[in-house]
Amino acid sequence: MTAQHPEPFPRPVPSGELRASHDDREAVVEQLRDAAAEGRIDLDELDSRLEQALTSKTYGELAILTADLPMSPSSAAENLPPLVLKGGMYGASRGPGRWEVPGHVIAHAGVGGVSLDFTRVECRLAEVVVEAYGETSGVTIVIPDSWATDTTGMDPGFGGLKDKTTPDRLPGTPLIRLTGSGGMAGVVIRHPNKRERRKLEGNASRD
């Protein structure tokens, strides 16, 4: 009998080749309209880019349309007070789902732990500071494949920091600047796992 070799694990799809949702296209459309209103592109170019945005199928195709434009942060989001989550005894979470992202998020794991999921949010801020304290039960942060993180300001503490993200940040997406301390249980920041991806694909097909 010939030895059967196990099937190789499928290679992850580059973030630029991931399928874009209706919300992704609408976000680019809004950014293009803002750019036209500010005089950065003329009306003919706006019409051309809008047509391409509405027919784009991947993140990469959308990124090309805004690569030469500065990000237009939402002033309302910039003025939001910090979001503070305290795990306490029973834990705390924000997401999955749509929620308004401020420029500063503070997560204290406590005994119950804290979970932060950014995968379905619409965030036009250039940067979001997440101040995470792993304490007794840890903090888990999930970000979209197109986002990236900077963990240089994070103290791993006894529990450590597990950064499972890729550096493949697409233009027009926020940078998560992670600070705080891993504490006893640590902090994990990652992209969606297989189960979470299936949910995201199901939600996108219903949008």
Side-chain angles (χ1 to χ4, degrees), residues 12 15 18 21 23-24 27 59 71-201 203:
S15 58
L18 291 172
S21 69
D23 288 339
D24 297 322
Y59 283 129
M71 199 168 182
S72 302
S74 165
S75 58
E78 286 183 327
N79 294 328
L80 287 174
L83 169 65
V84 180
L85 295 173
K86 296 183 178 180
M89 289 293 295
Y90 303 103
S93 65
R94 183 56 58 97
R98 304 191 189 285
W99 52 282
E100 200 164 14
V101 180
H104 190 185
V105 180
I106 304 170
H108 288 275
V111 177
V114 167
S115 173
L116 274 168
D117 191 329
F118 291 90
T119 52
R120 293 207 71 204
V121 301
E122 293 179 20
C123 180
R124 300 184 65 197
L125 294 169
E127 181 177 299
V128 177
V129 175
V130 177
E131 191 177 337
Y133 299 95
E135 297 174 347
T136 305
S137 291
V139 175
T140 299
I141 304 158
V142 185
I143 64 174
D145 293 295
S146 56
W147 296 18
T149 185
D150 178 354
T151 62
T152 54
M154 182 79 185
D155 174 10
F158 184 79
L161 167 67
K162 292 183 180 178
D163 181 0
K164 301 180 180 180
T165 63
T166 65
D168 301 327
R169 181 185 178 195
L170 291 182
T173 62
L175 174 72
I176 298 294
R177 191 171 299 281
L178 191 59
T179 66
S181 171
M184 292 292 293
V187 173
V188 175
I189 185 164
R190 59 176 175 79
H191 296 304
N193 58 31
K194 289 182 179 179
R195 179 180 58 80
E196 291 161 342
R197 288 181 196 281
R198 285 196 295 269
K199 280 192 173 182
L200 286 170
E201 291 167 0
N203 288 328

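Residue Glu100 holds its CD atom at 4.5 Å from CG of Leu80, rounded to the nearest 0.5 Å. Atoms CD and CH2, from Glu122 and Trp99 in turn, are 13.0 Å apart once rounded to the nearest 0.5 Å. Between Asp168 atom CG and His191 atom NE2 the span is 7.5 Å, to the nearest 0.5 Å. A distance of 11.0 Å separates CD1 of Ile176 from CG of Asp150, quoted to the nearest 0.5 Å. If you take SG on Cys123 and CZ on Arg98, they are separated by 13.0 Å, rounding to the nearest 0.5 Å.
For Pro96 against Asp117, the heavy-atom pair with the smallest separation is CB-OD2, 3.4 Å. A pairwise comparison of heavy atoms in Val128 and Pro102 identifies CG1-O, 3.6 Å as the closest pair. Shown here for Ile141 and Ala132, the closest heavy-atom pair between the two residues is CD1-CB, 4.5 Å. Closest non-hydrogen pair, Leu116 versus Ala107, comes out as CD1-CB, 4.5 Å. Residues Ala185 and Gly134 share a closest heavy-atom pair of CB-O, 4.0 Å. For Asp145 against Thr166, the heavy-atom pair with the smallest separation is O-OG1, 4.3 Å.
Side-chain N or O atoms of Thr173 include one that pairs as donor or acceptor with a backbone N or O of Ser146 at under 3.5 Å. With hydrogens and angles disregarded, a donor-acceptor distance shorter than 3.5 Å links the side chain of Arg197 to the backbone of Pro192. Remark: side-chain polar atoms of His104 are not paired, donor with acceptor, to backbone N or O of Val130 under 3.5 angstrom. Between the Ser93 side chain and the Ser115 main chain, no donor and acceptor come within less than 3.5 Å of each other. In this structure, Glu135 contributes its side chain and Ala109 its backbone to a donor-acceptor pair below 3.5 Å. No donor-acceptor pair closer than 3.5 Å links the side chain of Glu131 to the backbone N or O of Ile106.
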Please report the C-alpha distance between Met184 and Thr136 in whole Å, then the side-chain angles of each, then the deciding distance to 0.1 Å, and finally whether the side chain to side chain contact (heavy atoms under 4.5 Å, CB included) criterion is met. CA-CA 5 Å; Met184 292 292 293; Thr136 305; 5.6 Å; no
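Leu161 places a side-chain heavy atom less than 4.5 Å from the side chain of Leu178.
Relative orientation of the Trp147 and Phe118 rings is tilted, given thresholds of 30° and 60° on the angle between their planes.
Residues passing the side-chain contact (heavy atoms from CB on, under 4.5 Å) test with Arg190, sequence neighbours excluded: Thr140, Val142, Lys164, Val188, Asn193, Glu196.
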